[in-house]
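One is the number of the first residue; the rest follow in order along the sequence. Just the heavy atoms: all of them, side chains too, but no hydrogens, waters or symmetry mates, feed the values below.
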Amino acid sequence: MALKKLVAGNWKMHGTGADLAEVNAISLAAETAPCDVALCLPATLIERAVRAAPGFAIGGQDCHSADKGAHTGEISAAMLKDAGALLTIVGHSERRESHGESDAVVRAKAETAMAEGLSVILCVGESLETREAGRAVEVVSAQIDASLPPAATGKTLAVAYEPIWAIGTGKVPSADDIAEMHAALRNRLVDAYGDAGREIRILYGGSVKATNAAEIFAIANVDGALVGGASLKAADFLPIIAAGAA
Ligand code: PGA
């Protein structure tokens, strides 16, 4: 049976108070959406967004693996929770690449976030070089095996498959390549968590737009999307949400 889809926006380093009107418009659409909707915002906007759109799922984009401590500039899972976040992304490729985050670090972040009561969107994905070498499934399978927290359910975890070469580029893998990767990820999740692994949503991310969302959502084991650029404006994001009927 198909899982209810999750369409999550990732605003990355975009958004100030002036953009709260977009959050509002998206949260209103979420009330009648055919899928679950969330927005992962810059930390500075979370509390204001939660106030502006009570009950709407607002998340962070990362958290530290430690509960607290001398980590200048970092944000803890407890801080996200305190600001009103319900979820957080961990292991986005932009952090794995530019902050040197290993699978072990990503796993520790996921565990800390869950212990704090946040649900987690855990990202994996291959480089273009790996894809062209024909090793995408092997490399991403190893990544997920080493990044998964020891326990998870469909309520506490979603996985996002985001090929690095598809992020912000307008390029999207073929439907067959997405299906192959999502089937491999489903197997890894069932291996790790038994039947609970069938309830964990596997999102696709990387250049999802209004024009390709329905086609991507129709692929087996695609249980939603993690959307960057096209989540910043309600006008771009709402048609993607509308395409998210299971
Ligand atoms: P994009 O980003 O939709 O702008 O390609 C996706 C992501 O990085 O989560």
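- For V50, the side-chain contact (heavy atoms from CB on, under 4.5 Å) partners are I46, I58, not counting sequence neighbours.
- Taking the side chain as every heavy atom from C-beta outward, E111 and R107 approach each other to under 4.5 Å.
- For the atom pair I167 CD1 and K12 NZ, the distance stands at 5.5 Å (nearest 0.5 Å).
- Here the straight-line distance linking atom CG of D236 with atom CD1 of I240 works out to 7.0 Å at 0.5 Å rounding.
- Between the E22 side chain and the K233 main chain, no donor and acceptor come within less than 3.5 Å of each other.
- You'll find the side chain of T153 stays beyond 4.5 Å of the side chain of Y193, heavy atoms only.
- Counting non-hydrogen atoms of other residues, nucleotides and ligands closer than 6.0 Å to CD of E74 gives a total above 12.
- The backbone N or O of G154 lies less than 3.5 Å from no partner atom in the side chain of R198, so there is not a single donor-acceptor pair.
- To the nearest 0.5 angstrom, I216 atom CD1 is 5.0 Å from I178 atom CD1.
- With rounding to the nearest 0.5 angstrom, the CZ atom of R48 is 6.0 Å from the CG atom of L20.
- T156 places no side-chain N or O within donor-acceptor distance of the main-chain N or O of A152, the cut-off being under 3.5 Å.
- Between the side chain of R201 and the backbone N or O of K4, at least one donor-acceptor pair lies under 3.5 Å.
- For A78, the side-chain contact (heavy atoms from CB on, under 4.5 Å) partners at least two apart in sequence or on another chain are S76, E116.
- In this structure the side chain of L185 reaches within 4.5 angstrom of the side chain of V140, judged on heavy atoms.
- Note that CG of L148 is 6.0 Å distant from CG of L189, once rounded to the nearest 0.5 Å.
- Side-chain atoms of Y161 do not come within 3.5 Å of backbone N or O of P163 as any donor-acceptor pair.
- Tested against R96, the residues V105, I164, V124 include a single side chain to side chain contact (heavy atoms under 4.5 Å, CB included) partner, V124.
- Contact annotation: the side chain of L226 approaches that of I89 to within less than 4.5 Å [non-hydrogen atoms, C-beta and beyond].
- L122 and M181 fall within the same hydrophobic cluster, defined by Ile, Leu, Val, Met, Phe, Trp and Tyr side-chain heavy atoms under 4.5 Å apart, directly or through other members.
- Within the model, atoms CG of N221 and OH of Y204 stand 15.5 Å from one another, a figure rounded to the nearest 0.5 Å.
- At least one donor-acceptor pair under 3.5 Å links the side chain of D223 to the backbone N or O of I202.
- R95 has its side chain within reach of K109: a pair of non-hydrogen atoms, C-beta onward, lies under 4.5 Å apart.
- In terms of modelled atom types and a separation under 3.5 Å, the side chain of Q143 and the main chain of D103 share no donor-acceptor contact.
- Within the 3.5 Å criterion, the main-chain N or O of V120 finds no donor-acceptor partner in the side chain of T88.
- N212 places a side-chain N or O within donor-acceptor distance of the main-chain N or O of S207, the cut-off being under 3.5 Å.
- With sequence neighbours excluded, the residues forming a side-chain contact (heavy atoms from CB on, under 4.5 Å) with P42 are W11, T44, L45, Q61, listed by chain and number.
- For H71, the ring-ring contact (aromatic ring centres under 6.0 Å, His included) partners at least two apart in sequence or on another chain are H64.
- Contact of the E101 side chain with the D62 side chain is registered, since non-hydrogen atoms from C-beta on lie closer than 4.5 Å.
- Looking at heavy atoms from C-beta onward, C40 lies in side-chain contact with L87 at the 4.5 angstrom threshold.
- At a threshold of 4.5 Å between non-hydrogen side-chain atoms, the residues M114 and L157 count as touching.
- For L128, the side-chain contact (heavy atoms from CB on, under 4.5 Å) criterion is met by E132, W165, not counting sequence neighbours.
- For E138, the salt bridge (charged side-chain N to carboxylate O under 4.0 Å, His left out) criterion is met by R135, not counting sequence neighbours.
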